[in-house]
Amino acid sequence: MTLRNVRLILTREIRDQLRDRRTLFVIVVLPILLYPLLGFSLFQVAQFLREKSTRIAVIGAEYFSTDFQRQQGDEGRLTDDLVAEPGRAEPEGIASLPALFESNRFAAQWFSNAAETRLLELHFVSEQELSSSTQANPYELAQEMVRSGTYDAVLYFPADFAARLAAFRKTLSERSKANTTAAGKQSRLEVPNPEIIYNAAADKSQIAFARLSGVLRRWSQKIAEENIEVGGLSAQAVRPFVVGASDVAHAERREGAMWAKILPVLLLMWALTGAFYPAIDLCAGEKERGTLETLLSSPAERSEIVLGKLLTIMLFSILTAVLNLASVGLTGWLVLGRMPGFGLPPPAAMTALAISLIPMAALFSALCLALAAFARSSREGQYYLMPLLLITMPLVILPMSPGVELNLGNSLIPVTGVVLLLRSMLEGNYWQAMEFAPVVAAVTLAACMIAIRWAVDQFNSETVLFRESEQVNLGLWLWRLLRERRATPSSAAALFCGVLILVAYFFVSFSLTGESGLARFIRVALIIQVLVIAAPALLLTFLLTGNPRETLLLRLPPRFSLAAASLLAVALHPLVNRMQILVQQLYPLGNDVQPALSELQDTLRQADFLPLVLVIGLTPAICEELAFRGFILSGFRHLGRRWRAIIFSAVLFGLTHGILQQSLMAFFLGLVLGYLAIQTGSLLPPMVFHFFHNTLTLLNSRLMPDMLPDWRPLRWMVGCNEEGGGLFFWPSIILGTLVAVLLLRWFQKLPCQRSPEEVLSEAIERWEHSDEPLESLESASCGQTTIPPLGTDSTA
Amino acid sequence: MIHVRHLTKCFDDLRRGRIMALRAISFRAEAGRIFGLLGSNGAGKTTALRILSTLLQPTGGTASVGGYDVLTQPHHVRRQIGFMSANTAVYDRMTGWEMVEYFGRLHGIPPKRLRQRMEDLFDRLQMNDTRDVLGAKMSTGMKQKVSVARALVHDPPVLIFDEATAGLDVLAARALLNTIVELRKQGKCIIYSTHFIHEAEKLCDRVAILHRGSILAEGTVSELCRRLGRPDLEEVFFHLITQYNHTQKEHSGAQPASVLGSERTCAP
């Protein structure tokens, strides 16, 4: 692969896209116009909220306030001022209540901000007026006033309201003067409640409701305070203390909090949609227009073509995200910055956003490219890319819910981890972000590589590139998958099995709760081994493969290999032991995990040996090997490279051990086990190795200082921890490793069987870069280019 | 230059199961000669040529171009060939010059030499009117010339034409055929597939008649006519097809399947 070709393809594709007016519009013009428009309208709404007053009709105010004068205006019309009916006496004691109204507005003291008085425009309507105009119930009339929109809300005071309030006050004051101790307790206040009639479906009405509620609440509180004092207690009786609050957040963090919720989501969605359409055009569009064939028969290699297209799509994805972000930023600064509560996000976080864009753009671009390669036309391309949007959206939006936070588990989820990381950076938690940044980066990188690999595979697949028949039919595909089974699973099936096991493992480990103790431990271990690990692998073996024996490597191994495997386990044990200690030091167990683990170790130490050997030694040796070195390894061998198969199966094996420390060790052991399985072509040596390794580890943990015989040479090799657990010193480690290396060389010499893909890739590797024509070599070896006929390639 | 030996290709189709597109065909094409693949639709011509251009991988047998094996040395093969088919289109948003230049650069021709070669080529093919015209605005004749120029820009010793005249009018088709004859004079090895019998008869030095994945007969036109006692290639062709159908009927005892969609199992 040469960079020159990649650059050629890249420049051509970019130039081609830029000559397309539609692309330019969507990527450049639209964001520049859209967000300022949105921001401006948002601004308008906020202004409205702040400035616009709402119309309220107040019914029944005449019963408790005589401050109003209903007058005839100059034109002879009745104004809205109200006067008590002539001849009607003011209810007794009404003047003792704090005044709700002041001229024809609410009194200023009932607002948190005096300037807000003008926001509630009051129109007073007397109940008499209301019931006299029509014969209907005044209450229903009031409701109709709101529904029709004549008023935004109606404040309805029942007739007795003020009188009762006043009467209660009077009673309280009389009783307290009479010095009855139970004055307050025995007075009962039955007051018909005033009511706010509003329309929740109308925005203005809701605003009016909120404002009215505030006013009345404060008025009610004041009456309550006065009542208490009149009743002989101090106002402090209801409010013994006021809760203070002190906010340690910097002003910018507070404002950044809003951006923290929105920006990561927006950014990722922009990156995804920005990759969408170029991908369709570059793959399906090329197929549609017929230019793909020419490109494929040119000297450009498939990987170069894929990389060139991928980089183009990435560029447009990043461009879309950046332009949208800039537009939003500008809008925010110019328009929203004038609004309270909105500030600019912190610059460091913005840089983090920008940097994280690159791997996310790569991931989305690769996925879009791989999916778009399926399609034969642009319309079909959109059909395949919609599911991608549907899958990504929950991953992006889910982290926005408050319960989800950045921890080890969540940072392992591909897109979600990035969102959480960005969110914590935007909130200003830099240290927390730094702690998980490597994990998120590793996961994202791995996801990118898998996606890119998949895209390259699509471009190498004849069925995808030259597909003549109609859209992929899921039912038909499944039926064929089950009906026409190959001998061994495909690499996609292997990956599926691994992911299935991981997902099942997570679910089961969350749901298994209960008392701790030996019985529970054994139960949990067995459930995980048999149901979570072995069962899926066995099920998939019988469902998807034609030859379970070959898939699960159920053959007799070469002579002596079983003995060699067990010896290998013993020889490697000191090294493994030392590595475990090293891992513990590098990544000490968290404070929450450590006590639980120690407790578990104690329990195990006291338990009977034989059951433990069966559970910890034998069962994993069988179940895990069947799954990881059986089904999964066989599938990955179709990738065409032995070590790739070993590494991938070891990765999946490691991930299934929940704790990081165990995962690392499991990965290394998985490499050894995979190697054994491939070299011997049988599952028995790895099983034996696994059994001995686990049993030795178990024995090791039960080793107590008093168990070691007092023998000088032994002291050089093995020691013991105070709390139990063996230690190996350097002499034994070196000796063991040397023996292990010799044994591994013995295994290396074993003739091992290769899968057809491995043979082919070895042949290609051998001849590809030789400039000598194969023909002459072929005839030299009597026409024996033993490249076996391949099965037809598997669809992704 | 082109050696094909027992070339086999199996396809997996969701509906039709496994299809054998090519059944162990063998032929040789020499330099300075035009080798024709004659057959109806679905015979396997496009499949064979796609294998030769490394677009598809053979399921069995070998094919080599200029001495390089298509399976294990594909990128050597690609440098040796110029491929043109009826489906080859031009890029909508590139001019004729840009497109030929693009492929020239992909072949690794240094810019200066490339420009010279392109000038020469554009003059020879009389396509200077396509230089600055975008692909979307080109006429069919212009598009065809650009495709030919693209296939020739790196001066490959082997040229593969897959039903190249399909969709062209009489004049354009004739122009293309003349170009191909020119190329033969230059000593190129040319492989030409078509379902037009008169084209094969006129143009090709040797012809292989392909039907349902097998080569029914191969040789020069006069050889074939003599061998089968027929006056011209058309009669030879139909005679062979009829004979094939009879044989199939005898062996399977069933109605001969339609040209598309015959189901056979692939030998493992």
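Here is how names work: the chains are called A, B, and so on, in the same order as the sequence lines, proteins then strands, and each is numbered from 1. Computed from a prediction, not measured in an experiment: that's the story for all the values here. Only heavy atoms go into these numbers, but all of them, side chains included; no hydrogens, no water, no symmetry mates.
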* **chain A contact via Val90(B) - side chain, backbone, both or neither, heavy atoms under 4.5 Å** => backbone
* Please look at Ile160(B) and chain A and tell me whether the side chain, the backbone, both or neither of the residue comes under 4.5 angstrom of a heavy atom of that chain. =>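 Interface part for Ile160(B): neither.
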[X] versus [Y], closest heavy-atom pair with distance:
| X | Y | answer |
| --- | --- | --- |
| Thr54(B) | Arg302(A) | O-NH2, 3.5 Å |
| Ala89(B) | Thr291(A) | O-CG2, 3.7 Å |
| Arg19(A) | Thr95(B) | NH1-N, 4.3 Å |
| Ser297(A) | Ser53(B) | CB-O, 4.0 Å |
| Ala300(A) | Leu106(B) | CB-CD2, 4.2 Å |

* Note, Asp16(A) side chain near Asp92(B) side chain (heavy atom, < 4.5 Å) ->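 Heavy-atom side-chain distance check fails, nothing below 4.5 Å.
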* Asked: Does any non-hydrogen side-chain atom of Thr294(A) lie less than 4.5 Å from one of Tyr91(B)?
  ->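 Of all side-chain heavy-atom pairs linking Thr294(A) with Tyr91(B), none is under 4.5 Å.
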* To do: Give a yes or no on whether a salt bridge exists between Arg50(B) and Glu293(A), defined as a side-chain N under 4.0 angstrom from a carboxylate O.
  => yes
* Do Arg15(A) and Tyr102(B) meet the cation-pi criteria used here (NZ or CZ under 6.0 Å from the six-membered ring centre, within 45° of the axis)? -> no
* Glu286(A) portion near chain B, given a 4.5 angstrom heavy-atom threshold ->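 The side chain, not the backbone.
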* Contacting moiety of Leu292(A), where chain B heavy atoms sit under 4.5 Å ->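 Neither part.
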* May I have the step-by-step check of side chain to side chain contact (heavy atoms under 4.5 Å, CB included) for Phe83(B) and Leu296(A), ending in yes or no? => CA-CA 10 Å; Phe83(B) 180 77; Leu296(A) 290 175; over 6 Å; no
* To do: Report the distance from atom CZ of Arg12(A) to atom CZ of Arg105(B), rounding to the nearest 0.5 Å.
  =>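 Between Arg12(A) CZ and Arg105(B) CZ, I get 14.0 Å after rounding to 0.5 Å.
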Among the options [options], pick out the one with the most heavy-atom pairs lying under 4.5 Å from chain A.
| options | value |
| --- | --- |
| Arg79(B), His107(B), His154(B) | His107(B) |
| Ala151(B), Ser85(B), Gly82(B), Gly108(B) | Gly108(B) |
| Met84(B), Arg78(B), Arg93(B), Met94(B) | Arg93(B) |

* To do: Give a yes or no on this: more than 12 heavy atoms of other residues, nucleotides or ligands lie within 6.0 Å of atom CZ of Arg115(B).
  => no
* Asked: Does CD in Glu119(B) sit with more than 12 non-hydrogen atoms of other residues, nucleotides or ligands closer than 6.0 Å?
  ->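 Yes, enclosed.
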